[in-house]
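Input: a single structure, listed below in structure tokens.
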Amino acid sequence: MSLAVALALIVAGLALALWQRGGAREPPVRAAAAPREARREAPVRRRLLLGRSVRGRPIEAFLLGDPDAPRPLLVVGAIHGDEPAGIAIVRDLNSDPPPPSGLIVTIPDLNPDGVAAGTRQNARGVDLNRNFPWHWRALEPLGGLQYSGPHPLSEPESRLARALILRRRPRITLGFHQPLALVDESGGNRRIEASFAHLIGLPLHRLTRYPGSAASWQDHRLPGTTAFVVELPPGKPSAALVERGSDAIRTLLGRFA
Ligand SMILES: [Zn+2]
């Protein structure tokens with residue numbers, strides 16, 4: 001037997017042994033097919049970098065609970081930079097123990113450049129809550145409070161939010177704003193909006209539905225889901241409001257999501 005033939009036989013033998021071991025290790029049932037109740041993984045708190053703002057500031061999301069749970073509840077702490085009160089509620093939620101079942105996804109701050117500058121718009125002067133594709137149109141010239149950008153999704157911040165929303169398809173989405181102190185009937189399931197209004201202690205009212213707004217886009221793009229606006233009171237939120245808001249979100253998850 002030549003050396004080449006002997007080597008070839010050894011290699012073939014090794015390959016067969018590996019293949020058999022691999023076959024023996026194959027579990028009889030795929031893990032993904034196991035019933036959800038059978039899983040014993042502890043709930044997680046996981047930080048994700050979604051991307052960066054126009055000025056390069058990180059935009060983060062947090063997964064709280066079961067990272068594989070379908071149809072999570074999404075909370076956006078701020079989209080308008082001069083309305084930052086919701087960020088405190090989201091940070092409180094992020095620091096609490098994650099919910100025992102289901103998933104909360106948070107984006108503490110979708111407009112970090114606007115928050116740093118104290119402006120409603122992002123660093124290019126775009127009102128991100130007029131930059132989504134639902135009935136988008138040019139609303140005001142650059143410099144106007146509701147400048148909607150050169151075209152829908154022209155801004156990195158709105159594109160990041162859209163990508164996360166289409167990937168996770170949240171059943172419920174809350175977007176915090178200020179200063180009207182009410183929960184807006186934004187076009188989803190009114191029972192969910194009314195329930196949250198009661199939990200956080202704010203009245204339920206219907207505001208104008210603006211072209212290009214995130215909640216309207218989501219309510220039309222993902223039928224059967226509920227995205228709505230929560231207008232907090234003006235100024236820095238009290239510790240009691242932060243606690244009430246964060247508890248209300250966890251209760252809403254248990255009730256509807
Ligand atoms: Zn706002």
Side-chain angles (χ1 to χ4, degrees), residues 53-54 57 59 74-91 93 106-140 142-149 152-162 164-165 170 172-188 193 196-197 200-220 226-238 241-242 245-246 248-249:
S53 67
V54 168
R57 291 189 169 90
I59 296 177
L74 171 66
V75 189
V76 180
I79 188 169
H80 288 145
D82 57 351
E83 303 171 6
I87 296 174
I89 293 179
V90 172
R91 293 215 189 288
L93 196 59
T106 66
I107 302 177
D109 182 359
L110 186 60
N111 185 7
D113 296 344
V115 170
T119 60
R120 174 184 177 91
Q121 308 93 332
N122 76 347
R124 285 202 288 239
V126 177
D127 181 341
L128 298 173
N129 204 31
R130 304 289 180 269
N131 192 233
F132 283 78
W134 181 76
H135 292 195
W136 180 93
R137 58 188 170 86
L139 289 173
E140 291 178 18
L142 176 61
L145 266 184
Q146 298 187 73
Y147 173 56
S148 51
L153 299 170
S154 58
E155 304 310 298
E157 296 89 351
S158 38
R159 288 195 298 271
L160 293 177
R162 173 187 177 276
L164 178 79
I165 288 162
I172 300 175
T173 301
L174 290 80
F176 282 113
H177 292 256
Q178 285 180 277
L180 301 178
L182 58 86
V183 173
D184 175 36
E185 275 189 65
S186 304
E193 296 162 339
F196 189 77
I200 198 171
L202 293 171
L204 183 66
H205 281 295
R206 180 173 166 171
L207 300 173
T208 307
R209 292 177 189 164
Y210 287 98
S213 84
S216 294
W217 167 74
Q218 212 177 320
D219 282 328
H220 287 82
T226 297
F228 62 101
V229 163
V230 179
E231 285 268 354
L232 297 168
K236 191 174 181 297
S238 67
L241 176 60
V242 167
S246 141
I249 291 165

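Note that these values count all heavy atoms, side chains included, but never hydrogens, waters or copies made by symmetry. Whatever order the structure lists them in is the order used to number ligands and atoms, beginning at 1.
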In [X], the N, O or S atom nearest to the Zn ion (ligand 1) is which?
X	value
Glu83	OE1
His177	ND1
His80	ND1

- Task: Could I get the full list of ring pair (Phe, Tyr, Trp, His ring centres under 6.0 Å) partners for Phe176, not counting sequence neighbours?
- Result: none
Which atom pairs, donor and acceptor, lie under 3.5 Å between side-chain atoms of residues 107-117 and protein residues at least two apart or in another chain?
residue : atom : partner : partner atom : Å
Asp109  : OD1  : Asn111  : N            : 2.9
Asn111  : OD1  : Gly114  : N            : 3.0
Asn111  : ND2  : Ile79   : O            : 3.1
Asn111  : ND2  : Arg120  : O            : 3.2
Asn111  : ND2  : Gln121  : O            : 3.4
Asp113  : OD1  : Ser53   : OG           : 2.9
Asp113  : OD1  : Arg57   : NH1          : 2.8
Asp113  : OD2  : Ser53   : OG           : 3.0
Asp113  : OD2  : Val54   : N            : 3.4
Asp113  : OD2  : Arg55   : N            : 2.9

- Query: Are any of the side-chain heavy atoms of Asp127 and Ser148 separated by less than 4.5 Å?
  - Reply: no
- Any side-chain heavy-atom pair from Pro84 and Gln178 closer than 4.5 angstrom? yes
